Amino acid sequence: MSEKLLRTFLCFPVPLEVKSKKNMLFSTLQYSSSRINWVKNENLHLTLKFIGYTRESDIPKIINMVNNVTASYNPFPITVKGTGCFPKKERPRTLFMGIEGRIDLLKNLVKNIEIQLEKLDFPKDRFKYLPHITIARVKYPQSQTPDINPFLKSSYDPIDLSIDRV
């Protein structure tokens with residue numbers, strides 16, 4: 001019998017305030033005729049590393065590695081601020097809330113996690129890490145690309161966070 005595979009990623013949980021702001025941002029596009037799939041509030045997070053489908057037996061090794069890496073970090077501040085999209089506003093696939101502040105420390109943490117994961121035979125990410133909180137996805141094909149300008153022009157009070165656990 002084959003071992004169960006789990007969809008695995010490392011993330012930082014977000015506070016209720018992020019969920020409240022996501023709901024406000026939803027209102028900027030709620031009447032769009034395009035299909036926009038909004039992330040459920042309970043699934044909002046700041047991804048540090050998407051690992052992929054992982055054997056259940058590898059999870060304890062990953063947890064141990066993360067504990068070893070994060071032990072050398074003190075909590076540090078970041079700020080949730082602004083909106084954005086990937087890959088471009090003319091054909092967006094991901095809508096997100098931006099991250100500012102100690103991005104250097106966040107990127108360093110992710111780099112050190114990736115180095116240790118590579119030692120456990122998990123490949124490095126092929127994309128450059130850009131911290132964000134995904135709040136919606138746009139799937140294609142569809143008859144009309146959404147006009148996300150109201151979303152991109154939205155503002156909200158910045159939300160201060162302390163990265164203190166993974």
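The structure presented is a predicted model; accordingly, all values stated were derived computationally and were not measured. Only heavy atoms go into these numbers, but all of them, side chains included; no hydrogens, no water, no symmetry mates. We number each residue from 1, following the sequence as shown.
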Inspect the surroundings of OH in Tyr31 and state if more than 12 heavy atoms from other residues, nucleotides or ligands are less than 6.0 Å away. no

Looking only at atom types and distance, does a side-chain atom of Tyr73 sit under 3.5 Å from a main-chain N or O of Arg165, one as donor and one as acceptor? no

Closer than 3.5 angstrom, by distance alone: can the side chain of Arg35 be matched with the main-chain N or O of Pro141 as a donor-acceptor pair? yes

For Asn108 and Asn112, which I'm curious about, is there any donor-acceptor pair between the side chains at under 3.5 Å? yes

Qualifying residue for side chain to side chain contact (heavy atoms under 4.5 Å, CB included) with Leu109, from Leu10, Val69, Asp104: Val69

Walk me through whether Tyr129 and Leu48 qualify under side-chain contact (heavy atoms from CB on, under 4.5 Å). CA-CA 8 Å; Tyr129 179 68; Leu48 298 178; 3.7 Å; yes

Taking Thr8 for its side chain and Leu6 for its backbone only, find out whether a donor-acceptor pair lies under 3.5 Å. yes

Exactly one of Val39, Thr47, Val18 clears side chain to side chain contact (heavy atoms under 4.5 Å, CB included) with Ile133, and that residue is Val18

Separation between CE (Met97) and CG (Leu44), nearest 0.5 Å, reads 8.0 Å

Tell me every residue that passes salt bridge (charged side-chain N to carboxylate O under 4.0 Å, His left out) with Asp157, counting only those two or more places apart in sequence or in another chain. none

Side-chain donor-acceptor pair present, Lys139, Asn37, cut-off under 3.5 Å: no

Test applied, side chain to side chain donor-acceptor pair (under 3.5 Å); reference residue, Glu114; option that passes from Lys124, Lys49, Lys119: Lys49

Hey, does the side chain of Thr54 reach the backbone of Gly52 with a donor-acceptor pair shorter than 3.5 angstrom? yes

I'd like to know whether NZ of Lys81 has more than 12 heavy-atom contacts from other residues, nucleotides or ligands below 6.0 angstrom. no

Lys128 and Lys107: CA distance, side-chain angles, deciding distance, side-chain contact (heavy atoms from CB on, under 4.5 Å) verdict: CA-CA 10 Å; Lys128 181 179 168 188; Lys107 286 182 176 183; 4.3 Å; yes

As a quick check of understanding, evaluate side-chain contact (heavy atoms from CB on, under 4.5 Å) for Leu130 and Phe86, giving each step before the final call. CA-CA 11 Å; Leu130 179 63; Phe86 294 131; 3.3 Å; yes

